[in-house]
Q: 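Can you read through this structure? Questions will come right after.
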Amino acid sequence: MARSTAGESVLTRAVRILEVFDPDNVAIPLTVIAEQADLPLSTASRLVDELVAHGLLRRDHNRRVRIGVRLWELASRASPTRDLRDAAMPFLEDLHAVVGHHVQLGVLEDDEVLFIERLSNPGAVINVTRIAGRLPLHASSSGLVLLANASPALQDQIFRRPLTSYTAQTITDPENLRAVLAEIRRTGVAGCPGFIHDDALGIAVPLKNSAGKVAAALSVIVPCTDNPMAHIPALQAAAHGIRRELGRPIVPAPPEV
């Protein structure tokens with residue numbers, strides 16, 4: 001039974017509806033939205049209709065509800081990662097041409113790694129990450145790079161919680177994780193053979209901003225049979241190029257005539 005919505009604002013209920021959508025659930029029946037958002041079906045139906053009218057949601061030919069183009073447009077325009085993605089894209093494309101599998105860019109969001117860009121090839125090795133998708137920090141090369149450079153408070157928070165295992169190779173022991181993070185800080189590289197999938201090898205390096213702070217993680221996903229050392233120079237060169245691009249002064253637009 002849906003909880004009472006008395007005293008809740010319309011905005012709060014609408015946000016709960018939007019939060020039902022994630023990278024694995026992009027087309028959702030109204031009944032499921034109502035259940036997941038913990039709303040009465042009539043309330044969910046009315047709010048979805050209003051969100052559709054504003055272009056924030058849309059219905060497909062099966063009457064399932066999807067994120068609307070207008071919501072994507074607004075989010076893209078306001079994204080705090082937009083400058084980072086714009087600066088990184090030429091280097092991601094060059095790196096992708098060299099690697100031939102997956103290249104991705106991830107940032108720290110709360111206590112997870114959020115992937116803001118990914119380039120892939122048909123037939124590339126399996127990769128569970130998606131744009132706007134998340135993974136735990138301890139389980140991926142990007143996450144480990146970000147965690148190694150995160151605050152001691154966040155690291156302690158991760159050490160105290162159970163560490164989810166995806167394969168036999170995933171780090172699940174806090175002391176082992178501490179040692180791995182120290183090694184990443186020393187070498188500037190994280191390698192994760194089979195951490196998420198037995199066939200996939202993740203390799204990541206930190207991406208620093210103009211102030212020298214780690215702003216993101218740049219990673220490649222290649223087959224576990226690859227030699228990790230072969231990909232590190234290209235990764236580091238791309239990260240250096242992105243950092244240089246982020247440090248360029250912003251040229252103001254010419255005044256309108």
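Note that the coordinates shown come from a computational prediction; the quantities given were computed from them, not determined experimentally. Residues: numbered from 1 along the sequence shown.
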Q: So, the side chain of Q169 versus the backbone of D198: is there a donor-acceptor pair under 3.5 Å, distance only?
A: no

Q: Under 4.5 Å between side-chain heavy atoms, counting indirect links through other Ile/Leu/Val/Met/Phe/Trp/Tyr residues: same cluster for I67 and L51 or not?
A: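 Linked within one cluster.
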
Q: Within the structure provided, determine whether L114 and T81 are in side-chain contact (heavy-atom separation under 4.5 Å).
A: no

Q: I want to check something: taking the side chain as every heavy atom from C-beta on, are F21 and L57 in contact at a cut-off of under 4.5 Å?
A: yes

Q: Indicate yes or no for a side-chain donor-acceptor contact from H54 to the backbone of L56 under 3.5 Å, with no hydrogens or angles considered.
A: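 Checked: no pair found.
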
Q: I'd like to check R13 versus R46 (side-chain heavy atoms, cut-off strictly below 4.5 Å). Are they in contact?
A: yes

Q: Verify, without hydrogens or angle tests, whether H138 (side chain) and T164 (backbone) share a donor-acceptor contact under 3.5 angstrom.
A: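 The answer is yes, because a donor-acceptor pair under 3.5 Å joins these two groups.
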
Q: Less than 4.5 Å apart, side chain to side chain, heavy atoms only: is that true for L181 and L144?
A: yes

Q: Are H96 and N121 close enough, and set up right, to give a side chain to side chain contact (heavy atoms under 4.5 Å, CB included), and what steps lead you there?
A: CA-CA 9 Å; H96 182 241; N121 266 343; 3.3 Å; yes

Q: Quick one, L135 and F195 - any side-chain contact, counting heavy atoms below 4.5 Å?
A: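 When only atoms from C-beta onward are counted, F195 and L135 do not touch, as no gap falls below 4.5 Å.
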
Q: Looking at every heavy atom in both I203 and L235, which two are closest together, and how far apart are they?
A: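 Taking I203 first and L235 second, the nearest heavy atoms are O-CD1, 3.6 Å.
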
Q: Quick check: is L47 connected to V52 through a chain of hydrophobic side chains (ILVMFWY, heavy atoms under 4.5 Å apart)?
A: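 Hydrophobic grouping puts V52 with L47.
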
Q: Between S219 and S142, is there a side-chain donor-acceptor contact under 3.5 Å, judged purely by atom types and distance?
A: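 Per modelled atom types, S142 and S219 side chains form a pair under 3.5 Å.
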
Q: Salt bridge check: are E19 and R16 linked by an N-O gap of less than 4.0 Å?
A: no

Q: Nearest 0.5 Å please: distance from the CZ atom of R70 over to the CZ atom of R58.
A: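 The CZ atom of R58 is 16.0 Å from CZ of R70, to the nearest 0.5 Å.
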
Q: Can you name the nearest heavy-atom pair linking I184 to A190, along with the distance?
A: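 Nearest heavy atoms, I184 then A190: CD1-CB, 3.6 Å.
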
Q: Any salt bridge between R134 and D111, counting N to O under 4.0 Å?
A: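 Result for this pair is no, no salt bridge flagged.
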
Q: Step by step, work out the salt bridge (Lys or Arg N to Asp or Glu O under 4.0 Å) result for R59 and D49.
A: CA-CA 10 Å; R59 288 190 173 88; D49 284 344; 2.8 Å; yes

Q: Between the main-chain N or O of E117 and the side-chain N or O of R85, is there a donor-acceptor pair closer than 3.5 Å?
A: no

Q: Counting C-beta onward and ignoring hydrogens, is there a side-chain heavy-atom pair between M229 and I232 closer than 4.5 Å?
A: yes

Q: Distance from R243 atom CZ to F91 atom CZ, nearest 0.5 Å?
A: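 One gets 13.5 Å once the value is rounded to the nearest 0.5 Å.
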
Q: Could you see if V15 belongs to whatever hydrophobic cluster contains I28? Use Ile, Leu, Val, Met, Phe, Trp, Tyr and a side-chain cutoff under 4.5 Å.
A: no

Q: Tell me the closest heavy-atom pair linking N127 and T129, and the distance in Å.
A: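 Closest approach of N127 to T129: OD1-OG1, 2.9 Å.
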
Q: Got a second to check how far Q104's CD is from I131's CD1, nearest 0.5 Å?
A: 9.5 Å

Q: Using side chain to side chain contact (heavy atoms under 4.5 Å, CB included), reason through E245 and D86 one step at a time and then give a plain yes or no.
A: CA-CA 10 Å; E245 191 66 24; D86 288 347; over 6 Å; no

Q: D110 side chain to E112 main-chain N or O, any donor-acceptor pair under 3.5 Å?
A: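 A pair under 3.5 Å: no.
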
Q: Can you name the nearest heavy-atom pair linking L95 to V103, along with the distance?
A: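 Closest approach of L95 to V103: CD2-CG1, 3.7 Å.
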
Q: Distance check, rounded to the nearest 0.5 Å: Y166 atom OH versus I171 atom CD1?
A: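 Those atoms lie 13.0 Å apart.
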
Q: Consider only side-chain heavy atoms of I, L, V, M, F, W and Y, link residues closer than 4.5 Å, and tell whether V26 and V65 are in one cluster.
A: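 No, separate clusters.
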
Q: If I compare all heavy atoms of L84 with all of A216, which pair ends up nearest, and what's the gap?
A: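 Answer, listing the atom of L84 first, then A216: CD2-CB, 3.8 Å.
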
Q: Supply the atom-to-atom distance L201 CG to D226 CG, rounded to the nearest 0.5 angstrom.
A: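 Rounded to the nearest 0.5 Å, the CG-CG separation comes to 7.0 Å.
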
Q: Does any part of the side chain of L207, heavy atoms only, come nearer than 4.5 Å to the side chain of L246, both counted from C-beta?
A: yes

Q: Would a single hydrophobic cluster contain both L71 and V69, if residues Ile, Leu, Val, Met, Phe, Trp and Tyr are joined by side-chain heavy-atom contacts under 4.5 Å?
A: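 No, separate clusters.
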
Q: Between V189 and Q236, is any pair of side-chain heavy atoms under 4.5 Å apart?
A: yes

Q: How long is the span from the NE2 atom in H231 to the NE2 atom in H101, to the nearest 0.5 Å?
A: 7.5 Å

Q: For residues L105 and A88, report the shortest heavy-atom separation together with the two atoms involved.
A: CD2-CB, 3.8 Å

Q: Quick one: which of L154, V214, L147 gives a side-chain contact (heavy atoms from CB on, under 4.5 Å) with L108?
A: L154

Q: Taking it one step at a time, do V99 and I221 satisfy side chain to side chain contact (heavy atoms under 4.5 Å, CB included)?
A: CA-CA 9 Å; V99 172; I221 307 297; over 6 Å; no

